[in-house]
> 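Please read through the structure below; I'll follow up with questions.
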Protein chains: 2
Amino acid sequence: MQDEIAACCPPVTSAELSETDAVRMAAMFKALGDPVRLRLFSKVASHAGGEACVCDIQDVGVSQPTVSHHLKKLREAGLLSSERRGTWVYYRVEPQVLAAMSLLLGGSAS
Amino acid sequence: MQDEIAACCPPVTSAELSETDAVRMAAMFKALGDPVRLRLFSKVASHAGGEACVCDIQDVGVSQPTVSHHLKKLREAGLLSSERRGTWVYYRVEPQVLAAMSLLLGGSAS
DNA sequence: CCCTTAATTCGACACTTGTCGATACAGAGA
DNA sequence: TCTCTGTATCGACAAGTGTCGAATTAAGGG
């Protein structure tokens, strides 16, 4: 298992990143590089059941369109996935991507 | 040991980030959110002896002033430290910060 | 001193990003 | 079908970012 993680990348301390890998990984880090986005991500990640409705997490001090915009960015970066169920849209964390980032930074895969 | 790491933060999956912690951590992720910067960081981190002279790592496809600019950003984010020795300036990774990010993403501290 | 090499700082500019209000879309119920 | 609530998209704009060439500082060697 975890083939996708193995694909990219070993810890930064062990080998130099290729340009392509750097582009891929930088996009993920960039997605967490905004305080509002990081908080949204954190709210989803720590929410009971592993998923959260937008309505559960949208209290981060910015307007509703801005929340939606940031969630889209997190989705495009592959960090979150979304699913509509009835009126509500639920977001959940993509664990492989999270693990890949953690691994790159030198931690063990969770 | 690792008091600074413990100070910020437990894994995202275990608790929601405060606004202040989100600002602190987002700044670190942001620093790695550029491909050129991530490559520079990777080159320093994987360099023999745990440190690298600017001249060792400046071949990343952008001009030398741009390299210097990115290294400054990484320094300001606390990810790298620098020291001048004679003509050359050496950069090295700050391990606590790296560990804090990895921990936040759910990996074990390295 | 002057010259050479290493690295940073400066000034400028195109491009990206975060934010908002207004608007549109989706589903559930009356 | 009309309305209400939840979410996404649009259009606009100020602020931030990555990049460069030119100029500057730092250190060493003639």
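This is a predicted model, so every value here is computed, not measured.
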> Under 4.5 Å between any side-chain heavy atoms of B:S46 and A:T13, yes or no?
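No. Closest side-chain heavy atoms not under 4.5 Å.
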
> Does A:H70 reach a base, just sugar-phosphate, or nothing at all? Heavy atoms under 4.0 Å.
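The answer is sugar-phosphate, as A:H70 gets under 4.0 Å only of primed atoms, P, OP1 or OP2.
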
> Is the CD atom of B:Q64 crowded by more than 12 outside heavy atoms at less than 6.0 Å?
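Result for CD/B:Q64: enclosed.
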
> Is the shortest heavy-atom distance from the side chain of B:L79 to the side chain of B:V93 under 4.5 Å?
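Not touching, per the 4.5 Å side-chain cut-off.
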
> Under 3.5 Å, which donor-acceptor pairs do the side chains of residues 65-76 of chain A form with other protein atoms, sequence neighbours left out?
residue : atom : partner : partner atom : Å
A:T66   : OG1  : A:S63   : OG           : 3.0
A:H70   : ND1  : A:R37   : NH1          : 3.3
A:R75   : NH2  : A:Y91   : OH           : 3.4

> I'd like to check the salt bridge (Lys or Arg N to Asp or Glu O under 4.0 Å) partners of A:K43; sequence neighbours left out, ordered by chain and number.
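Testing A:K43 for salt bridge (Lys or Arg N to Asp or Glu O under 4.0 Å), a comparison that skips the adjacent residues, returns B:E16.
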
> Rounding to an integer number of Å, can you tell me how far A:E83 CD sits from D:dT7 C1'?
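These atoms are roughly 15 Å apart.
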
> With heavy atoms under 4.0 Å as the rule, sort A:Y90 into base, sugar-phosphate or nothing.
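The residue A:Y90 makes no contact with any strand.
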
> Does the side chain of B:L32 reach to within under 4.5 Å of the side chain of A:L105, using non-hydrogen atoms?
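In short, these two side chains touch, coming nearer than 4.5 Å.
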
> If you look only at pairs with a residue in residues 47-61 of chain B, which of them pass as a side chain to side chain donor-acceptor pair (under 3.5 Å), with sequence neighbours excluded?
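Every side chain to side chain donor-acceptor pair (under 3.5 Å) pair that includes a residue of residues 47-61 of chain B, provided the two are not neighbours, is B:E51-B:R85, B:E51-B:R92.
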
> Does the B:R39 side chain pair with the main chain of B:F41, one donor and one acceptor, at a distance under 3.5 Å?
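Flag not set: sc B:R39 to bb B:F41 has no pair under 3.5 Å.
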
> Enumerate the residues from residues 26-56 of chain A whose closest heavy atom to DNA chain D is under 4.0 Å, giving them by residue number; use none for an empty result.
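Listed by number, they are A:C53, A:V54, A:C55.
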
> When every nucleotide of nucleotides 22-30 of chain D is labelled 5' to 3' by its protein contacts under 4.0 Å (heavy atoms), B for base, S for sugar-phosphate only, - for none, what sequence of letters results?
B---SSS--

> To the nearest Å, give me how far apart CD (A:Q58) and C1' (D:dT5) are.
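In whole Å, D:dT5 C1' lies 11 Å from A:Q58 CD.
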
> Can you give me the first and the last nucleotide of DNA chain C (5' to 3') that has an atom within less than 4.0 angstrom of a non-hydrogen atom in chain B?
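First and last nucleotides in contact are C:dA6 to C:dT9.
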
> For B:R84 and B:G86, indicate whether the former's side chain and the latter's backbone hold a donor-acceptor pair under 3.5 Å.
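At least one qualifying donor-acceptor pair exists.
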
> Taking the side chain from B:S42 and the backbone from A:L17, do they hold a donor-acceptor pair closer than 3.5 Å?
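It does hold such a pair.
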
